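Just so it is clear, the structure is predicted and the values come from calculations on it, not from any experiment. We number each residue from 1, following the sequence as shown.
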Amino acid sequence: MRFQLSRRAALGSCSSLIAGLAIPRLMAADVTFSKNAVQFRPEIEPLVRLLEETPRERIFEVVAAGIGDGRPYRDWLAALFLAAIRNVQPRPAVGFKFHSVLVVNSAHLASLAGKDTERWLPIFWAIDYFKRTQEEDVKEGDWTMAAVDESRLPSPERALDDLRNAMKNWDVEAADVAAASAARVAPAHVLLNLFTEFGSRDFRSIGHKSIYVANAFRMLEVIGWEHAEPIMRSLAYALLNHTGEPNPGSSDLVADRAGRDNVGRSQTLRSDWNSGKADDYATIAFIEACRQATPSEIAELTARLINEGTSVDSIYDGIYASSAELVMRQPEIVPLHSMTTTNAIHYLFTRSGDDTLRRWLLLQNASFLGHFRESATSRSKLADRKITELKLHDEPHDEEKELDVAIAALGSNREDQAGKVLGYLSRGGDPAAFIRQARQLIFLKGNDSHDYKYSSAILEDYYPRSPLWRDRILAAASYLLTGPEAPDTDLPKRVAAAFA
């Protein structure tokens, strides 16, 4: 993929694009940009430029004016996502400053779940975060996604095969032009399957590749498939990140090994693998294995349980419970990503219609748990905490009081708070009320992309899990939820002032 360093005007300057805040009247002809930079569709390019060119200290004022003039939410969401992929490089890892891309879908989910009076807060937070990471990128060299080389695009008939071969061989240049060509001709579900496969094949960037695939396709469902081409190119570039290593396509590296083994292992699953009986004992056996087994051993156990008749839902109960238990054992960044990666892979698993791919994804998700535990252990010792032994906090049964107690406990003594959350949920408390208040704390106090990513993932995943496990999973995962004692951010005041 050919990228170039742009010579943009200093971020502190204010271009004529912003003058008068006349956002809805901007047309593509009103803006200029480097010929070497990728250009977006004419109806959205001016709005993307507005986000790029407006100084950070004025961005809320300018966006609020555009909203007031009638520019719809969908356009702002599209412009934010596209601005981030054009300006922020997924190097040296698909994480760090690249969270300005990864967080957009999470902010959108939070926005959908918020009150009318709070609905814009997550989007404004994500816009401000983009401006911050844009400044970081400028300091690191001012990377910009380049325009695709049209002369090298494969024919429509060859596009998908070329893209698959380029991704298989970790060929960045070939993948870029093939992704552009494929986006113009291939159906969305075909590209979803292809990028799901290559985004979940290796354990690099602690799951961010799978997260990006899921978030990119979720964004396209909202902003429209007409924006697919630059996003497919961005995905190809991000998924081929293997900084500092030999070519994984011709090497035997630890990050790739389980994925390769699971190709053959997935073929051993019974023909009716996607049916089976709920088995909580199998779920417990899975959780116990995840405490010490290798990535390949966990995948092997998964295959055996499926072949013995265990349902996929019981396996996924175990996957989510093991991820939440890891959060209990080490409430830090690596276990956090075990939860968000499982959220992403499970989304891709439910969206894919390819039986072979879905078999492999199930085993890959299981293997990733071993990788996450090993990675967490390499950082610090894991506490001896088990989700199966999580104890309910003893409170008189008063739903309103128990909810207040559970929310008040967030961010304090973690073992105590998990017991209070479990007590509230297990004694018939309304999970929707807890989820609503927990999310509101993010609106008021969230100051990191992971506050939005993590909360959106675990709160979204509560209801799909079985009744026996969902309360324990959420209670254990609450170890990393933002609590009421965290300091308020100035976001609500700044947004209110911008609209005023």
Side-chain angles (χ1 to χ4, degrees), residues 55-61 63-64 80 95-97 99-100 102-104 106-136 327-328 330-337 339-340 380 393 401-421 424 433-460 474-500:
R56 185 179 176 189
E57 64 270 15
R58 289 200 61 208
I59 193 68
F60 281 13
E61 173 191 354
V63 173
L80 173 59
F96 300 106
K97 64 184 183 295
H99 278 102
S100 60
L102 303 176
V103 79
V104 176
S106 300
H108 167 63
L109 294 178
S111 179
L112 292 181
K115 299 178 183 177
D116 289 343
T117 55
E118 300 168 340
R119 193 146 291 161
W120 279 102
L121 292 179
I123 304 304
F124 273 83
W125 187 92
I127 289 171
D128 182 69
Y129 185 64
F130 160 66
K131 296 303 295 182
R132 190 197 327 168
T133 57
Q134 184 186 20
E135 291 170 355
E136 293 175 10
V327 168
M328 292 174 62
Q330 188 189 91
E332 302 293 345
I333 195 70
V334 171
L336 178 153
H337 284 94
M339 293 295 297
T340 55
S380 63
H393 193 276
K401 178 183 176 183
E402 280 194 283
L403 175 59
D404 292 341
V405 168
I407 292 295
L410 296 178
S412 57
N413 181 302
R414 282 164 165 159
E415 290 192 50
D416 188 52
Q417 82 172 45
K420 290 177 179 177
V421 172
Y424 170 74
F434 175 83
I435 289 171
R436 185 166 54 249
Q437 291 200 31
R439 184 175 275 117
Q440 189 175 33
L441 289 173
I442 304 299
F443 293 165
L444 302 177
K445 301 171 183 293
N447 61 10
D448 184 86
S449 62
H450 295 102
D451 292 334
Y452 284 92
K453 286 175 56 200
Y454 182 73
S455 61
S456 289
I458 69 169
L459 299 178
E460 178 181 59
L474 181 54
S478 75
Y479 267 59
L480 283 173
L481 281 177
T482 301
E485 296 304 314
D488 289 345
T489 70
D490 62 355
L491 178 70
K493 292 180 180 179
R494 289 176 61 202
V495 173
F499 279 107

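- Once rounded to the nearest 0.5 Å, the distance linking CD of E332 with OH of Y479 reads 12.5 Å.
- A heavy-atom distance below 4.5 Å is not found between the side chains of R56 and Q134.
- Of the possible polar contacts, one joining the S455 side chain to the D451 backbone as a donor-acceptor pair under 3.5 Å is found.
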Discussion item. Between K131 and D128, is the salt bridge (charged side-chain N to carboxylate O under 4.0 Å, His left out) condition met? List the steps.
Written reply: CA-CA 5 Å; K131 296 303 295 182; D128 182 69; over 6 Å; no
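- Salt bridge absent: K401 and D404 never bring a charged side-chain N and a carboxylate O closer than 4.0 Å.
- The two atoms that bring A110 and P122 nearest to each other are CB-CG, 3.9 Å, heavy atoms only.
- Q417 and K420 form no side-chain donor-acceptor contact under 3.5 Å, judged by distance and modelled atom types alone.
- For the atom pair F60 CZ and L491 CG, the distance stands at 5.0 Å (nearest 0.5 Å).
- Using cut-offs of 30° and 60° for the angle between ring planes, the H450 and H99 rings count as perpendicular.
- Partners of S380 by side chain to side chain donor-acceptor pair (under 3.5 Å), not counting sequence neighbours, listed by chain and number: Q330.
- Contact record, W125 with N447: CZ2-C, 3.8 Å, taken as the closest heavy-atom pair.
- The backbone N or O of K453 sits nowhere less than 3.5 Å from a side-chain atom of S456 that would complete a donor-acceptor pair.
- Inter-residue side-chain proximity for I123 and V63 is flagged as unmet; no heavy-atom pair is nearer than 4.5 Å.
- Here the straight-line distance linking atom OH of Y452 with atom CG of L102 works out to 16.0 Å at 0.5 Å rounding.
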Side-chain polar contacts of residues 406-413 - donor-acceptor pairs under 3.5 angstrom, sequence neighbours left out - could you list them?
| residue | atom | partner | partner atom | Å |
| --- | --- | --- | --- | --- |
| S412 | OG | A409 | O | 2.3 |
| N413 | OD1 | E415 | N | 3.2 |
| N413 | OD1 | D416 | N | 2.9 |

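- For the atom pair L481 CG and L441 CG, the distance stands at 8.5 Å (nearest 0.5 Å).
- Around atom CD of E136, more than 12 heavy atoms belonging to other residues, nucleotides or ligands sit under 6.0 Å away.
- Taking both residues in full, the closest heavy atoms of S478 and A418 are given as OG-CA, 4.0 Å, listed atom of the first, atom of the second, then distance.
- Residues F434 and L474 have side chains in contact (heavy-atom distance under 4.5 Å, counting atoms from C-beta outward).
- Interatomic distance, I333 CD1 to L480 CG, rounded to the nearest 0.5 Å: 8.5 Å.
- Residues V327 and A476 approach most closely at CG1-O, 4.0 Å, considering heavy atoms.
- Considering all non-hydrogen atoms of both residues, I458 and A477 come closest at CD1-CB, 3.9 Å.
- Between the OG1 atom of T482 and the CG atom of L444 there is a distance of 10.5 Å, given to the nearest 0.5 Å.
- The two residues G446 and T489 make their nearest non-hydrogen contact at O-CG2, 3.5 Å.
- In this structure, W120 and F124 have perpendicular ring planes: the angle between them is above 60°, well past the 30° mark.
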